[in-house]
J.: 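Have a look at this one before I ask anything.
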Amino acid sequence: MTSTEFVLGVVTLQRAGELVVSRLNTRKLLAGGAVEVAPRHYPLIVAVHAAWLISLWVLGRDQPVNGVALAFYLALQGVRFWVMWTLGARWTTRIIVLPEQPLVSAGPYRFLSHPNYAVVAAEIALLPLVLGLPLLAAVFTVLNAAVLAIRIRAENRALAASRAIIVRGAP
């Protein structure tokens, strides 16, 4: 196994594990009264991310690993885990709203409203650069930006509506 195959294998396993965690959290949240919002764009997000990972395997499998870029990518994983830890059972790959629950404002959410999306955007740009694939980085950065524009708009609307419910429901 080459270092490139090792890196891609770890990223693939990480993403698969995150999908399992997301599915479990989504089920628990929905069973507890949460509501999924704007699910129609979700297959598009999955398609972009799957195509990104497949492209990395196909085009990057035989490329050398850039150690400096890999170090930055690994640092991003610390932020990714910080986001997931902060959200705990509320972390999911879908837009799930807990009516009448306050927004998370701890951890990285003190600094950014959507830290997970910032991490994902950086990862999508950076991992191809780890493998010396700047064109792939550019293409998927643009594709990801397009789907994030849809997603963030939908999520912000849902969260604003949720806050309106909380404010109206307050004594």
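Counting begins at 1 with the first residue of the sequence. For clarity, every value in this text was computed on a predicted model and none was experimentally measured.
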J.: About how many Å separate CD1 of I95 and OG1 of T26, when rounded to the nearest 0.5 Å?
T.: 11.5 Å
J.: Taking L19 as the starting point, is it possible to reach V10 by hopping between hydrophobic residues whose side chains are less than 4.5 Å apart?
T.: no
J.: Is any side-chain heavy atom of L44 closer than 4.5 Å to a side-chain heavy atom of R151?
T.: no
J.: Distance check, rounded to the nearest 0.5 Å: L127 atom CG versus F140 atom CZ?
T.: 11.5 Å
J.: Drop me the distance from I96's CD1 to L29's CG, to the nearest 0.5 angstrom.
T.: 6.5 Å
J.: Tell me the closest heavy-atom pair linking A38 and A154, and the distance in Å.
T.: CB-CB, 3.6 Å
J.: Does L8 offer a backbone N or O that forms a donor-acceptor pair with the side chain of T12 under 3.5 Å?
T.: yes
J.: With rounding to the nearest 0.5 Å, note down the distance linking CZ in F81 to CD in Q14.
T.: 4.5 Å
J.: Which atom names give the shortest non-hydrogen contact between T86 and G107, and what distance separates them?
T.: OG1-CA, 3.8 Å
J.: Report yes if some heavy atom in the side chain of V79 is under 4.5 Å from a heavy atom in the side chain of P115; otherwise report no.
T.: no
J.: Any chain of hydrophobic side-chain contacts (each under 4.5 Å) joining I45 to V37?
T.: no
J.: R23 versus T93: any side-chain heavy-atom pair under 4.5 Å?
T.: no
J.: If two hydrophobic side chains count as joined below 4.5 Å and joins carry through other members, does L74 share a cluster with V130?
T.: yes
J.: Identify the two heavy atoms, one from E123 and one from P128, that lie closest to each other, and give their separation to 0.1 Å.
T.: O-CD, 4.1 Å
J.: Do L129 and Y73 have side-chain heavy atoms sitting under 4.5 Å apart?
T.: no
J.: Over 60° means perpendicular and under 30° means parallel, so tell me whether H49 and W52 are parallel, tilted or perpendicular.
T.: perpendicular
J.: Does a side chain donor of either E155 or Y117 reach within less than 3.5 Å of an acceptor in the other side chain?
T.: yes
J.: What are the two closest non-hydrogen atoms of A122 and L76, and how far apart are they?
T.: CB-CD1, 3.5 Å
J.: Hey, quick one: are Y42 and L148 part of the same hydrophobic cluster, counting side-chain heavy atoms closer than 4.5 Å, chains of contacts allowed?
T.: no
J.: According to a 4.5 Å side-chain heavy-atom criterion applied to Ile, Leu, Val, Met, Phe, Trp and Tyr, with indirect links allowed, do L13 and L131 form part of one hydrophobic cluster?
T.: no
J.: Specify the closest pair of heavy atoms between R80 and N116, including all atoms of both residues, with the distance to one decimal.
T.: NH1-OD1, 4.5 Å
J.: Counting only heavy atoms not in W57 (residues, nucleotides, ligands), do more than 12 fall under 6.0 Å from its CH2?
T.: yes
J.: Once you round to the nearest 0.5 Å, how far does OH of Y109 lie from CG of L103?
T.: 10.0 Å
J.: Just verifying a value: how many Å separate N25 CG and L30 CG, rounded to the nearest 0.5 Å?
T.: 10.5 Å
J.: Please find the pair of heavy atoms, one from R94 and one from S22, that lie closest to each other, and give the distance.
T.: N-OG, 4.5 Å
